[in-house]
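Presented below is the structure to which this report refers.
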Amino acid sequence: AIMSAPDESLRRRLTVCGAFWTGLTDALVGVIRVARICRTSAQIRSKMFQCLLFNGICLGLAIVLFDNVVVALLNYFLRISTLLLSSQSGERDETNAGSWVVTVVQYLFSAFWVLPLFWLSKPINSIWFLEISDEVLRLLKADQSKSLASSSSSSLSSVKRSKKQIGR
């Protein structure tokens with residue numbers, strides 16, 4: 001049976017929608033599992049908070065503040081100084097003559113702040129992620145052993161009941 005082009009297109013769209021829905025539900029189930037695990041372990045919450053502080057504050061916020069505050073102020077002062085110098089000399093130069101200063105400062109910031117922190121964050125994050133994963137594994141094994149113990153005790157009691165019924 002040969003499918004027509006519209007049927008094939010519809011089948012592809014439905015396949016993509018199904019895959020999207022499956023991925024979305026998997027992601028939500030994962031988020032719920034992570035929330036449960038974080039709720040049960042203070043060590044995991046602590047390490048995740050440390051990761052958030054270090055990566056979010058030290059790296060992320062520093063970059064955002066530099067790009068949006070320091071560079072903006074630097075551009076503002078360079079424009080003012082360019083206007084003051086051009087008004088004193090009588091020439092009217094509207095181009096930003098000090099734009100190279102901003103570029104140099106951005107490169108210096110990247111070289112002496114972002115890059116060292118990025119390389120420093122690799123081993124630190126690795127250690128924290130290892131500690132988090134070890135704790136999660138310990139919790140999952142504990143949950144699994146509890147569920148195995150409860151299922152084995154329930155199956156053991158059902159076997160005992162079966163023996164009693166057979167022995168009657």
Side-chain angles (χ1 to χ4, degrees), residues 12-89 91-152:
R12 271 193 236 124
R13 278 192 233 137
L14 289 175
T15 302
V16 168
C17 288
F20 173 76
W21 183 253
T22 302
L24 183 65
T25 55
D26 285 346
L28 291 175
V29 166
V31 168
I32 291 168
R33 285 185 77 188
V34 167
R36 280 188 197 146
I37 289 171
C38 287
R39 190 179 63 222
T40 60
S41 173
Q43 181 184 2
I44 292 175
R45 282 192 308 270
S46 170
K47 292 298 176 192
M48 288 179 78
F49 186 68
Q50 288 173 344
C51 287
L52 175 73
L53 282 177
F54 182 68
N55 294 314
I57 305 289
C58 287
L59 291 171
L61 189 61
I63 292 169
V64 168
L65 285 176
F66 180 80
D67 287 342
N68 294 315
V69 176
V70 174
V71 171
L73 286 173
L74 190 58
N75 278 326
Y76 175 74
F77 288 127
L78 287 172
R79 277 195 200 113
I80 288 177
S81 63
T82 303
L83 288 173
L84 287 175
L85 290 174
S86 65
S87 67
Q88 287 177 354
S89 65
E91 298 175 10
R92 200 71 181 156
D93 186 15
E94 293 297 324
T95 62
N96 191 357
S99 64
W100 62 271
V101 174
V102 173
T103 304
V104 168
V105 170
Q106 285 176 326
Y107 282 127
L108 290 173
F109 176 74
S110 294
F112 294 112
W113 180 258
V114 176
L115 197 59
L117 273 181
F118 177 76
W119 285 109
L120 178 68
S121 73
K122 291 297 182 184
I124 291 173
N125 283 327
S126 296
I127 292 168
W128 286 337
F129 294 157
L130 180 66
E131 291 173 1
I132 290 170
S133 66
D134 287 344
E135 179 68 12
V136 168
L137 183 62
R138 188 188 64 76
L139 288 173
L140 290 177
K141 282 184 177 180
D143 287 346
Q144 187 179 25
S145 66
K146 285 178 188 175
S147 66
L148 286 175
S150 67
S151 67
S152 65

All heavy atoms of S41 vs all of E135, minimum pair found to be OG-OE2, 3.3 Å
Give a yes or no answer on whether the side chain of T25 reaches the backbone of W21 with a donor-acceptor pair at less than 3.5 Å. yes
Kindly indicate whether the side chain of I127, heavy atoms from C-beta on, has any atom under 4.5 Å from the side chain of K47. no
Output the distance between atom CG (L78) and atom CG (L83), rounded to the nearest 0.5 Å. 11.0 Å
When you look at V64 and V69, which way does the side-chain contact (heavy atoms from CB on, under 4.5 Å) test go after all the steps? CA-CA 8 Å; V64 168; V69 176; over 6 Å; no
Of the non-hydrogen atoms in D67 and V71, which two are nearest, and what is the gap between them? O-CB, 3.6 Å
State the CD1-CG distance between I57 and L65, to the nearest 0.5 angstrom. 9.5 Å
side-chain contact (heavy atoms from CB on, under 4.5 Å) between C58 and L53, worked out: CA-CA 7 Å; C58 287; L53 282 177; over 6 Å; no
So does A42 get a backbone contact from the side chain of S46, meaning a donor-acceptor N/O pair under 3.5 Å? no
If you round to the nearest 0.5 Å, how far is CZ of F54 from CD1 of I124? 4.5 Å
Rounded to the nearest 0.5 Å, what's the gap from CZ on F129 to CG on D134? Could you check? 13.5 Å
V136 versus V34: any side-chain heavy-atom pair under 4.5 Å? no
Donor-acceptor pairs under 3.5 angstrom involving side-chain atoms of residues 105-117: please list them, not counting sequence neighbours.
{"unit_1": "S110", "atom_1": "OG", "unit_2": "Q106", "atom_2": "O", "d": "3.1"}

Determine the minimum heavy-atom distance between M48 and C38, stating which atoms define it. SD-SG, 3.3 Å
T82 OG1 to N75 CG distance, which is reported to the nearest 0.5 Å: 10.0 Å
Under 3.5 Å, is there a donor-acceptor pair between the side chain of T40 and the main chain of I37? yes
As an exercise, state the distance from CD1 of I132 to CD of Q50, rounded to the nearest 0.5 Å. 8.5 Å
Decide if atom CZ of R45 counts as having more than 12 heavy atoms of other residues, nucleotides or ligands within a radius under 6.0 Å. yes
